[in-house]
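Only a predicted model underlies this, so the values are computations on that prediction, with no experimental measurement involved. Hydrogens, waters and symmetry mates play no part in the numbers below; they use all other heavy atoms, side chains included.
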Amino acid sequence: MKAVVCREWGGPETLRLEERDRQPLRPHQARIRVHACGVNFADTLMIAGKYQVKPSSRSPPVSKPPAR
């Protein structure tokens, strides 16, 4: 599967599309197919390290894809 990954702090241009192995689903989880996903203002602040709440992991999270 493909994943948008943030490996360094910066703007949207630092995001990379990478191929990842599918992880097995745990109980009460579901896998969805995403056809398109946007990057919003809060996402750009998060990946730049400027959001009001700093993520604890190396890779900042991005918002959920829109529901269809």
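Nearest heavy atom pair, residue T14 against residue G11, reads OG1-O, 2.6 Å. Closest approach of L15 and C6 over heavy atoms only: CD2-CB, 3.8 Å. Taking each heavy atom of D21 and M1 in turn, the nearest pair found is O-CE, 4.2 Å. Closest approach of M46 to Y51, counting heavy atoms only: CE-CD2, 3.6 Å.
Atom CZ of residue R16 and atom CD of residue E8 lie 6.5 Å apart, to the nearest 0.5 angstrom. Atoms CD1 and CZ, on I47 and R7 in that order, are 14.0 Å from each other to the nearest 0.5 Å.
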Could you pull out all donor-acceptor pairs under 3.5 Å where a side-chain atom in residues 23-31 meets a protein atom, sequence neighbours excluded?
unit_1	atom_1	unit_2	atom_2	d
Q29	OE1	R26	N	2.9
R31	NH2	Q23	O	2.4

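Looking only at side-chain heavy atoms (C-beta outward), R20 and K2 stay at 4.5 Å or farther from each other.
Of the candidates D43, V39, L17, V4 forms a side chain to side chain contact (heavy atoms under 4.5 Å, CB included) with just one, namely L17.
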